Number of protein chains: 2
Amino acid sequence: MDNVKISQALSDPIRYKILMMLVRSDNACCPVISNSAGESPVGLCNCEIMNELSMIQSRVSYHMKELVETGLVNEEPRGKWKYYFANSKKMLDYVDQLKRDFNLE
Amino acid sequence: MDNVKISQALSDPIRYKILMMLVRSDNACCPVISNSAGESPVGLCNCEIMNELSMIQSRVSYHMKELVETGLVNEEPRGKWKYYFANSKKMLDYVDQLKRDFNLE
DNA sequence: CGATTATATCAATATTTTTTGATATAATCA
DNA sequence: TGATTATATCAAAAAATATTGATATAATCG
């Protein structure tokens with residue numbers, strides 16, 4: 001199920017942290033941009049995450065791919081950078097499904 | 001963090017399914033019992049889960065231990081059986097923490 | 001254009017998680 | 001009591017994930 005895959009994405013402390021960073025991201029090391037929804041400035045690029053978490057580049061790339069694959073994160077290439085945005089809609093869907101599956105509230 | 005550990009518990013399709021079964025459990029293969037909160041009949045024993053999911057006993061044991069360790073499931077030994085109950089409070093805590101961490105709603 | 005910078009991917013390794021079968025414990029039943 | 005039944009645990013194997021370093025791609029900068 002979709003929720004299992006998302007739980008799996010959230011089950012790594014690094015990815016969980018990155019998601020929180022994205023949610024809270026304002027502008028970054030990289031040039032300030034708007035996302036496609038016109039909100040501005042939001043998003044983080046790989047390099048920012050690397051620096052923030054002191055991780056090597058391929059490791060960041062790997063985890064971002066995992067996150068993007070679940071839909072929890074959207075990406076937007078911009079010049080030589082790639083920006084990432086938290087997808088709140090998807091997060092909410094996850095929570096709502098949990099509530100349904102586990103009879104909450 | 002606690003939420004990472006819980007996500008990890010939810011990230012296995014079998015455990016996710018068992019949780020749903022527990023939430024929906026009424027009475028079972030084993031004698032009908034009440035849980036310590038006096039609600040009755042609820043809970044499932046190992047054997048029920050084994051049969052339902054066609055899993056060997058040690059595998060069920062392993063997954064139940066994982067679930068109990070997160071607090072998502074409570075256990076109650078009763079004679080030679082062990083009954084399991086979904087802990088809705090813990091599930092709600094998880095959801096609430098998600099909302100806070102990811103700025104939902 | 002060539003050099004630099006950002007990111008992706010790949011193969012090898014390491015680590016973690018899951019599964020199995022065997023054995024242990026402990027309660028009930030006859 | 002001994003036999004049976006339910007569950008736990010353990011060691012080994014299998015499978016899945018994560019990490020690293022190397023190399024590839026592709027955009028920008030001078």
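Below, chain A is the first sequence line, B the second, and so on; all start at residue 1. Being a predicted model, the structure only gives us computed values, none of them experimental.
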OP1 or OP2 of D/dA8 under 4.0 Å from side-chain N/O of B/N46
yes
Taking atom P of C/dT17 as reference, at what distance in whole Å does atom CG of A/D12 sit?
10 Å
Gap between atoms CZ and C1', on A/R15 and D/dT19 respectively (whole Å)
12 Å
Within this structure, what is the CH2-to-P distance between B/W81 and D/dT5, rounded to whole angstrom?
12 Å
When you measure from the side-chain N and O atoms of B/H63 to the phosphate of C/dT17, is any distance below 4.0 Å, counting only OP1 and OP2?
no
Counting only heavy atoms not in A/K65 (residues, nucleotides, ligands), do more than 12 fall under 6.0 Å from its NZ?
no
Do B/V68 and B/Y84 come within less than 4.5 Å of each other through their side chains, counting heavy atoms only?
yes
May I ask you to evaluate whether B/R78 reaches the phosphate of D/dA6, defined as a side-chain N or O under 4.0 Å from OP1 or OP2?
no
To the nearest Å, how far apart are A/Q57 CD and D/dT19 P?
14 Å
From the options D/dT17, C/dT18, C/dT20, select the nucleotide whose nearest atom is closest to the side chain of B/E66.
C/dT18
A/K89 NZ: over 12 foreign heavy atoms closer than 6.0 Å
no
Does this structure show an ion pair linking B/D101 with A/R24, if we count only N-O contacts that are shorter than 4.0 Å?
no
Using OP1 and OP2 only, check whether a side-chain N or O of A/K82 sits under 4.0 Å from C/dA6.
no
Contact under 4.0 Å: A/R59 side-chain N or O vs D/dT20 OP1/OP2:
yes
A/K65 side chain near C/dA8 phosphate (N/O to OP1/OP2, under 4.0 Å):
no
In whole angstroms, how far is the C1' atom of C/dT18 from the CE atom of B/M64?
16 Å
For the pair made of NZ in A/K80 and P in D/dA27, what is the distance, rounded to whole Å?
12 Å
Taking only side-chain nitrogens and oxygens of A/S61, does any of them come within less than 4.0 Å of OP1 or OP2 of C/dA8?
yes
Distance, rounded to the nearest Å, where B/I56 contributes CD1 and D/dT9 contributes P:
16 Å
Are a donor atom and an acceptor atom from the side chains of B/Y94 and B/S7 found within less than 3.5 Å of each other?
yes
Assign each of A/G79 and A/K5 the nucleotide of DNA chain D bearing its closest heavy atom; nearer the 5' end lies the nucleotide of A/K5
When rounded to whole Å, the CG to P distance for the pair B/L10 and C/dT18 reads 12 Å
